[in-house]
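Encoded as structure tokens, the structure appears first; notes follow it.
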Amino acid sequence: ERVEAAMRRYPGQVEIMEAFSRISRERAQLSQQINAINRNPNIDADSKREIIKLLRDQQNALVGVANQLYNQSVERRQ
């Protein structure tokens, strides 16, 4: 009941928080993948660097999306 009231009262903020949560989960999954690759002795160092760079690029893209969402939410409140 309180959650529903908050969603009605602050629909934009709830939507942004859901997006932040989703981004955070995706970023955490990428971190887990990076850690798994680092620990895997069957992957050579060059391949590890390439794969990890791709995963970090994906993480950075997610952070960029989160920053855009935040900036948009701040602009709407002004």
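Atoms considered below: every heavy atom in the structure, side chains included; atoms not considered: hydrogens, waters and symmetry mates. All values derive from a computational prediction rather than experimental measurement.
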Could you go through residues 24-35 and list every donor-acceptor pair under 3.5 Å that involves a side-chain atom there, pairing it with any protein atom two or more places apart or in another chain?
from	atom 1	to	atom 2	distance (Å)
Ser31	OG	Arg27	O	3.3
Ser31	OG	Gln59	NE2	2.8
Asn35	ND2	Ser31	O	3.3

| query | About how many Å separate OG of Ser73 and CD of Gln68, when rounded to the nearest 0.5 Å? | reply |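 Rounded to the nearest 0.5 Å, the CD-OG separation comes to 12.0 Å.
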
| request: Scan for side chain to side chain donor-acceptor pair (under 3.5 Å) pairs involving residues 38-47, sequence neighbours excluded, and state none if there are none. | output: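 Every side chain to side chain donor-acceptor pair (under 3.5 Å) pair that includes a residue of residues 38-47, provided the two are not neighbours, is Asp44-Ser47, Asp46-Arg49.
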
| Within one Ile-Leu-Val-Met-Phe-Trp-Tyr cluster: Val63 and Val65, side-chain cutoff 4.5 Å |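 No; Val65 is not reachable from Val63 via cluster members.
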
| request: State, with a plain yes or no, whether a side-chain heavy atom of Leu55 is found less than 4.5 Å away from one of Ile37. | output: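 Yes, side chains in contact.
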
| Smallest separation among heavy atoms of Ile23 and Leu62, with atom names |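 It is CG2-O, 3.7 Å.
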
